[in-house]
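Take a look at the structure set out below.
Side-chain atoms are counted along with the backbone in the values below, which use heavy atoms only and exclude waters and symmetry mates. First the proteins, then the strands, lettered A, B, ... as listed; each starts at 1.
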Amino acid sequence: MQEAMINKAKQLLADGTVSRVIGWKRGEFAYDITPAVFETAEELEKDFVFDDFTSANVSKYLVKESKKEGKVLVFLKPCDTYSLNQLTKEHRVDRDNIYVVGIPGGPKLDIEKIKAKGITGITSVKNDNFTLKIETLYGEETMPFYEAVLDKCASCKSKKHVTYDELIGEDGDTLESNRFDMVEQLENMTSQERYDFWRSELSKCIRCNACRNVCPACTCENCVFDNPASGIDNKAPADSFEENMFHIIRAFHVAGRCTDCGECSRVCPQHIPLHLLNRKFIKDINSLYGEYQAGADTTSRAPLTDYTADDCEASIVHERGVE
Amino acid sequence: MLRISADKIYELLGAASAAQTVYIPSEREDGEAEFKKYESGMKLTNRLNTLRSAKDFFFPQTEDLVEFKVDGKNIEISDVRKESEDFIIFGVRPCDARSFTILDKVYLVEPVDSFYKNRRDHGTVVTMACSRPAETCFCQTFGIDPTAPEGDCSVWNDGSYYYFKSNTDKGQKFIDSVTSLLEESDTAELDKSIEKTKEVMKKLPLANLSTENFGGDKLNEYFSSDKWAELSESCLGCGTCTFVCPTCQCYDIKDFNTGHGIKRYRCWDSCMYSDFTKMAHGNPRLTQLERFRQRFMHKLVYFPANNNGEFGCVGCGRCLSKCPISMNIVKVMKALEVK
Amino acid sequence: MQVNDNKEFQPLIVAFCCNWCSYAGADLSGTNRLNYPTNVKIIRVPCSCRVNPMFILRAFQKGADGVILCGCHPGDCHYTSGNYFTRRRMTLLFSMLDFLGIERDRTRVEWVSAAEGAKFAATMNEFTEAVKKLGPNRRLEDLRCRKQ
Amino acid sequence: MQRIGVFVCHCGTNIAATVDVKTVAETLGKEPGVVISQDYQYMCSESGQNLVKDAIKEHNLTGIVICSCSPRMHENTFRKAAAAAGLNPYLVEIANIREQCSWIHKEIATATEKAVILGRAAIAKVHLNAPLTAGESPVVKKALVIGGGIAGIQTALDIAEAGFDVDIVEKNPTIGGKMAQIDKTFPTLDCAACILTPKMVEASQNERITIRSFSEVTDVKGFVGNFTVKIKKKARYVDETKCTGCGLCTEKCPMKKVPNEFNMGLDNRSAVYIPFAQAVPKVATIDPNYCMMLKTGKCGVCSKVCSVGAINYKQQDEIIEEKYGAIIVATGFNPISLDKYDEFAYGQSPDVVTSLELERLMNAAGPNGGTLLRPSDKTHPHTIVFVQCVGSRCDDSKGKPYCSKICCMYTAKHAMLIREKYPDTEVYVFYIDVRTPGKNFDEFYRRAVEQYNVHYIKGMVGKVTPKSDGKIDVQASDLLANEQLHINADMVVLAAAIEPDKTARPLATMLTTQMDTNDFFTEAHPKLRPVESATAGIFLSGACQGPKDIPETVAQASAAAAKAIGLLCKNSITCNPCVAHSNELMCNGCSSCEKVCPYGAITYIDKEFRMPDRTTKVRRVASVNPAVCQGCGACTVACPSGAMDLNGFSNSQIMAEVDAICK
């Protein structure tokens with residue numbers, strides 16, 4: 001696949017279709033891959049990588065890159081295409097200036113899950129028929145591939161590319177996923193249990209803003225949390241309230257716009273399951289206002305900028321589930 | 001050297017915690033380690049290091065500085081400083097131990113930061129030598145010997161025993177407080193284990209990373225390097241690297257209206273943020289390129305320039321594993337070195 | 001939160017009322033001398049759709065024990081569609097608060113027309129009682145703001 | 001530094017009896033920024049107002065807070081007082097300590113405490129108030145009426161009468177609308193053409209009225225007082241300025257087999273046609289779907305016979321752009337299609353007709369010259385059955401949930417006319433209810449029943465079956481007698497529900513006006529602003545807003561005209577300054593705000609920004625038209641970056657109030 005992608009990129013660069021390529025660049029280790037812009041065939045040959053660790057959703061870079069001179073080639077996994085559609089819909093990218101090559105999706109690996117097994121000194125990770133063979137400074141270790149799969153891939157919602165100019169490989173379809181299971185589990189807890197769960201999770205927050213800054217839906221010119229005029233700006237979780245506030249507003253601002261790409265939870269250095277907040281909104285929207293998948297298209301009205309006269313009342317929150 | 005059998009280490013921690021609060025690195029549910037107040041039954045982590053660095057003990061993420069009580073048109077100013085209580089941080093890794101030396105150079109020089117000093121005076125740092133360095137470790141680059149940690153008291157673990165050596169009066173006080181549990185022994189077993197570690201250190205992927213090409217005299221050369229654009233282009237501008245970094249020391253001062261007054265507090269800031277050092281005219285570092293450059297120039301050029309060649313990095317490797325896009329100081333150093 | 005002499009817990013209730021219906025409804029309950037507790041403090045907004053979730057969280061942060069939002073009945077919005085957006089926004093916000101384990105009875109949306117002075121007073125009485133039962137807001141408070 | 005004045009009103013004892021006003025004034029006087037705090041018996045009285053005015057001047061106040069009755073009562077009074085004293089009227093805030101404090105609480109201690117808190121909230125808000133100036137926007141003194149039926153004609157006449165230019169855009173070749181097709185009108189039974197056609201002529205002769213027939217609105221931009229409208233003038237292949245309406249072409253046209261829409265397809269017309277004798281403008285139109293010349297290039301008869309050379313086969317659609325200050329929608333209605341009503345055999349038998357078809361069958365200018373004959377065999381019908389509520393008051397998906405309102409009356413009219421002219425004809429009317437509210441309406445209906453012996457039967461028609469002998473079997477139930485009936489009828493007339501014209505929905509989108517689920521335009525307020533749309537400058541005339549009979553339509557048409565005249569006679573409009581505005585530096589251009597704006601006040605522009613690094617960047621940013629924005633604030637919450645804020649109710653002002661209350 002990597003070869004095919006490099007060749008495709010070289011061809012499109014050579015024939016002048018695009019002037020730049022967004023992809024992933026090899027790092028120091030087996031897993032530390034950085035999204036990067038490639039401009040020449042040499043750079044692609046040298047550093048372009050596509051493997052089990054190229055999980056980063058690069059669609060957000062298009063906000064900046066699509067406004068530069070010349071067309072940009074971007075390799076998007078199925079989940080990433082939803083993000084691009086949403087950005088297109090919100091006029092945040094110049095779609096005409098983007099050449100999308102759809103590539104197969106995951107499952108991709110989570111190095112943190114491997115490290116959590118106590119495996120350290122990792123020098124290489126190989127997938128041998130769904131068993132990971134991990135070379136370390138302290139000998140070889142193995143673990144089942146699926147135990148190291150990123151959470152976002154484990155609950156994949158779609159293998160379908162919703163926007164592309166060209167595909168490498170076959171296009172897939174949307175999947176029946178179990179992505180709302182954990183949300184449902186929490187809904188079935190008592191209010192106190194939910195409170196305790198979220199307190200223990202959100203109290204870990206160091207307010208590094210990685211969740212916000214990686215989020216393809218968070219592309220505000222000036223985020224309310226960075227803007228002293230908003231009255232809610234802050235740089236630190238100075239009180240448990242600030243932790244709640246930040247994450248509620250963050251999730252609310254992307255409600256109906258979040259495509260559930262899962263990047264927020266992937267990048268959280270504290271492993272807070274932030275995607276659950278987004279999924280709670282998605283689940284509510286689906287059940288209260290009809291199935292809606294943000295980014296599935298570029299024209300439909302978002303649930304929060306739409307209504308019907310017979311929408312349910314807010315009191316529905318009081319009427320359902322466990323207190 | 002004084003030592004204690006590994007199975008008795010919790011007895012020792014229990015004894016120490018009777019006199020003052022002891023913090024140990026311990027694992028939480030998600031497998032990450034963090035410093036927690038020691039209580040009976042807790043276990044030391046097997047992870048090499050804590051997710052957050054130990055700097056929090058002396059330089060917490062938020063800290064109240066002063067309070068203004070407002071009643072109508074009257075404003076009363078109150079000092080919220082309190083004398084810290086004595087505490088022990090047990091199990092600080094050599095890299096984090098060195099980070100305190102770096103923070104001291106910022107906060108204990110005139111004008112002394114009284115908040116920092118207060119905590120520093122009351123804290124005893126008990127370090128733990130490394131025996132299983134990770135692939136992300138590069139403390140050797142900065143002249144740190146992970147088998148010979150600094151701190152008030154150094155501890156080694158060869159698997160069967162913990163060995164103790166004091167480096168300061170505070171360290172000695174700690175050893176004295178648990179001396180009844182310790183026994184004198186030779187270091188033959190320990191030396192063997194240290195040798196093994198040193199062998200591993202030679203094989204570390206970043207073992208050959210050198211600071212040779214960095215330092216205060218490289219300012220012009222690196223500041224105007226054309227590498228920054230490429231290095232910074234995928235930076236998200238989040239503060240993860242800064243907040244997990246044991247040596248990052250920048251803070252912002254903010255006021256919070258509590259309804260009955262104003263709390264003025266400081267909190268960590270990140271040079272990666274768009275509003276870092278924002279002034280009336282805006283941020284002097286206009287794009288992420290300048291912000292990104294600032295972080296690494298500070299650690300590799302400005303800091304040594306102002307501190308007799310000491311670098312602002314200890315090679316703990318936290319940013320290597322935590323950066324959402326895996327851009328880090330090692331990649332920067334390697335890229336800048338290439339002519 | 002206020003504590004009066006007999007130490008019974010007195011919740012602080014913030015009520016956002018739209019100018020055209022609910023604020024007028026509140027005025028009408030005044031005109032008709034219909035009592036409701038002093039705990040309720042009204043903030044006038046042009047339309048219920050002006051209420052940002054930020055305002056509601058802010059109220060809890062600064063010490064409110066309950067927040068209620070009142071607007072025109074669906075279909076009667078002075079601005080045609082404002083309260084329809086309010087309804088969706090608040091449904092989702094309240095659901096999220098509930099999901100985080102914040103007591104669901106601390107928040108409410110009620111449609112009160114300019115003619116429903118009695119409904120306004122009844123709603124406020126009822127809501128104040130409900131919040132009183134819950135006790136002080138502890139799960140969504142900012143400790144820095146707690147009165148000493 | 002703010003210099004705020006606080007004025008606490010006793011309102012006689014209304015406030016002072018339960019609120020210790022002295023304490024309130026004293027306590028609020030200690031608030032930061034407050035330089036004077038006074039109480040007074042009646043703040044709204046002239047002397048009270050003078051107190052405020054003097055204080056503003058004496059203390060050079062930057063803002064005032066009045067603790068008094070509801071702002072809905074006296075906000076304007078105090079704003080005017082402030083303005084008179086040289087303080088911007090929007091630097092006034094009211095703390096409602098009467099309706100929302102003294103009148104509902106009994107205990108002085110707690111009521112006083114609450115009054116202080118409400119006062120504090122107002123002070124906190126006024127600290128952040130900005131002086132606002134109501135903007136002005138010029139008014140183009142010309143109106144556009146969309147639709148040339150009786151509603152549109154009446155509106156146009158009234159507006160022209162008031163001295164303003166007005167254009168009527170009519171999609172058909174002639175104005176006149178549905179009323180032109182109607183035979184007689186209830187409850188007076190005067191002939192529709194006799195009262196309508198003079199109005200049509202009047203409209204055409206009025207020099208302030210321009211009739212743009214055979215034209216459609218294709219685009220509307222702008223806002224109240226300043227709309228720019230694109231009108232497509234469809235090619236009629238006849239030069240209107242030359243055509244004299246002599247009708248020779250229509251006579252000579254060899255293509256005569258075109259269904260005549262004016263007669264509901266009950267007879268035929270030629271390919272070049274004038275819809276009816278009194279058409280305005282009386283100009284021929286060539287139907288390109290049937291004209292042999294246009295279709296095959298062979299014929300050209302009309303061109304040859306036209307003595308003035310008006311025929312122009314090369315004519316093209318033309319787009320005209322005009323500016324208007326007000327737009328009146330008068331798009332009217334149509335009977336619904338009865339395709340889905342197999343049970344009534346419409347489409348199966350030519351003798352099952354709709355009421356509008358019956359109008360043509362009975363009309364002197366209709367297909368039978370005014371003699372009522374069965375369409376099938378041109379014989380005189382002896383038994384006629386009328387079926388009411390066909391598609392009206394339906395809870396299924398086939399019909400409409402509402403009452404079409406006019407059917408009861410026109411059916412009574414039809415029944416009566418038939419019985420009058422053909423006493424040998426038995427007339428049955430099947431109804432659910434007979435609804436006759438209206439002046440002289442019930443009397444009219446009773447005449448039908450009592451004087452003309454029309455058989456009114458409460459009950460539904462179950463099935464209509466055409467029989468081989470040309471008769472029609474009507475199976476129905478009589479609910480009062482509780483029996484099943486079979487009527488052997490010659491004709492069946494269906495009172496089809498009426499629905500808004502199909503062109504209304506796209507038009508509503510262009511106008512950014514609201515529609516209900518039935519596609520009727522929504523009025524700004526169902527009771528108090530029934531002829532205005534919620535979008536400023538757009539007015540509603542006639543059945544486009546809901547089912548109406550002629551008198552109601554004309555009444556609403558004149559009312560809409562009056563509203564439009566009220567707007568047109570202003571040179572400029574004062575805008576409400578409490579409107580939304582976007583901080584362009586923070587705006588993402590994401591379009592969220594536009595989607596929730598009920599008025600279409602938000603547009604997007606590509607704007608060039610000078611970046612701090614001296615480069616320039618073009619970004620899409622929202623721009624609020626203050627003349628259109630009504631200040632609801634929906635956009636401020638939809639905006640994720642907080643770029644959108646509302647004057648007078650800004651984020652910081654509301655949060656300051658929250659803070660003050662929660663102190």
Partner of D/Cys632 under side-chain contact (heavy atoms from CB on, under 4.5 Å), picked from C/Phe85, C/Tyr79, C/Trp20, is C/Tyr79

Between D/Tyr599 and C/His78 the two heavy atoms that sit nearest each other are OH-O, 4.0 Å

Which portion of C/Asn19 sits near chain D, non-hydrogen atoms under 4.5 angstrom: both

Heavy-atom side-chain proximity of C/Leu12 to D/Ile661 below 4.5 angstrom: yes

Would you say that D/Gln100 contacts C/Tyr23 through its side chain, given a criterion of any heavy-atom pair below 4.5 Å between the two side chains? yes

Search all heavy atoms of D/Glu99 against all heavy atoms of C/Thr31 and return the closest pair with its distance. CG-OG1, 4.1 Å

Between chain C and each of D/Gly633, D/Ala121, D/Cys578, D/Ala524, count heavy-atom pairs under 4.5 Å; write down the option with the most. D/Gly633

Could you go through the side-chain contact (heavy atoms from CB on, under 4.5 Å) check for C/Arg89 and D/Val637 one step at a time? CA-CA 9 Å; C/Arg89 289 168 186 162; D/Val637 184; 3.4 Å; yes

Just give me the residue among D/Cys69, D/Ala111, D/Cys101, D/Pro71 that pairs up with chain C most often, heavy atom to heavy atom, under 4.5 Å. D/Pro71

Please examine the side chains of C/Asp27 and D/Asn96, heavy atoms only from C-beta on, and report whether any two atoms are closer than 4.5 Å. yes

Does the distance from a Lys or Arg side-chain N to an Asp or Glu carboxylate O, for D/Glu93 and C/Arg44, drop under 4.0 Å? no

Which atoms of D/Ala634 come close to chain C, meaning under 4.5 Å heavy atom to heavy atom: side chain ones, backbone ones, both, or neither? both

Which portion of D/Ala638 sits near chain C, non-hydrogen atoms under 4.5 angstrom: both

Tell me which of these, D/Gln653, D/Lys106, D/Arg529, D/Met73, has more heavy-atom pairs under 4.5 Å with chain C than the rest. D/Lys106

Measure D/Lys527 against the heavy atoms of chain C and call it side chain, backbone, both or neither at under 4.5 Å. neither

Can you tell me which portion of C/Val14 sits under 4.5 Å from chain D's heavy atoms? Options are side chain, backbone, both or neither. side chain

Go through the atoms of C/Ala121 and report whether side chain, backbone, both or neither lie under 4.5 Å from a heavy atom of chain D. neither

Drop me the distance from D/Trp103's CH2 to C/Leu34's CG, to the nearest 0.5 angstrom. 12.0 Å

Chain D shares the most heavy-atom pairs under 4.5 Å, among C/Cys18, C/Pro53, C/Ala24, with C/Ala24

Within 6.0 angstrom of C/Lys119 NZ, more than 12 heavy atoms from elsewhere: yes

In the structure I gave you, are the side-chain heavy atoms of D/Glu107 and C/Thr38 within less than 4.5 Å of one another anywhere? no

Tell me whether D/Asp659 is salt-bridged to C/Lys41, with the criterion being a basic N under 4.0 Å from an acidic carboxylate O. no

Which portion of D/Asn651 sits near chain C, non-hydrogen atoms under 4.5 angstrom: both

I'd like to know whether D/Val596 forms a side-chain contact (heavy atoms from CB on, under 4.5 Å) with C/Cys49, so could you lay out the CA-CA distance, the side-chain angles of the two residues, the decisive distance to 0.1 Å, and finally the verdict. CA-CA 10 Å; D/Val596 299; C/Cys49 70; over 6 Å; no

Could you tell me which non-hydrogen atom of D/Ile104 sits nearest to which non-hydrogen atom of C/Ser29, and how far apart they are? CG2-O, 3.9 Å

Sort C/Val51 into side chain, backbone, both or neither according to what part of it lies under 4.5 angstrom from a heavy atom of chain D. backbone

Going from CG on C/Asn39 to OG1 on D/Thr110, what distance comes out if it is rounded to the nearest 0.5 angstrom? 9.0 Å

Measuring heavy-atom distances to chain C, does D/Lys663 have an atom under 4.5 Å in its side chain, in its backbone, in both, or in neither? backbone

Run the side-chain contact (heavy atoms from CB on, under 4.5 Å) check on C/Arg50 and D/Ile654 step by step: do they pass? CA-CA 10 Å; C/Arg50 177 66 188 90; D/Ile654 297 174; 4.0 Å; yes

Looking at every heavy atom in both C/Phe16 and D/Val658, which two are closest together, and how far apart are they? CZ-CG2, 3.8 Å

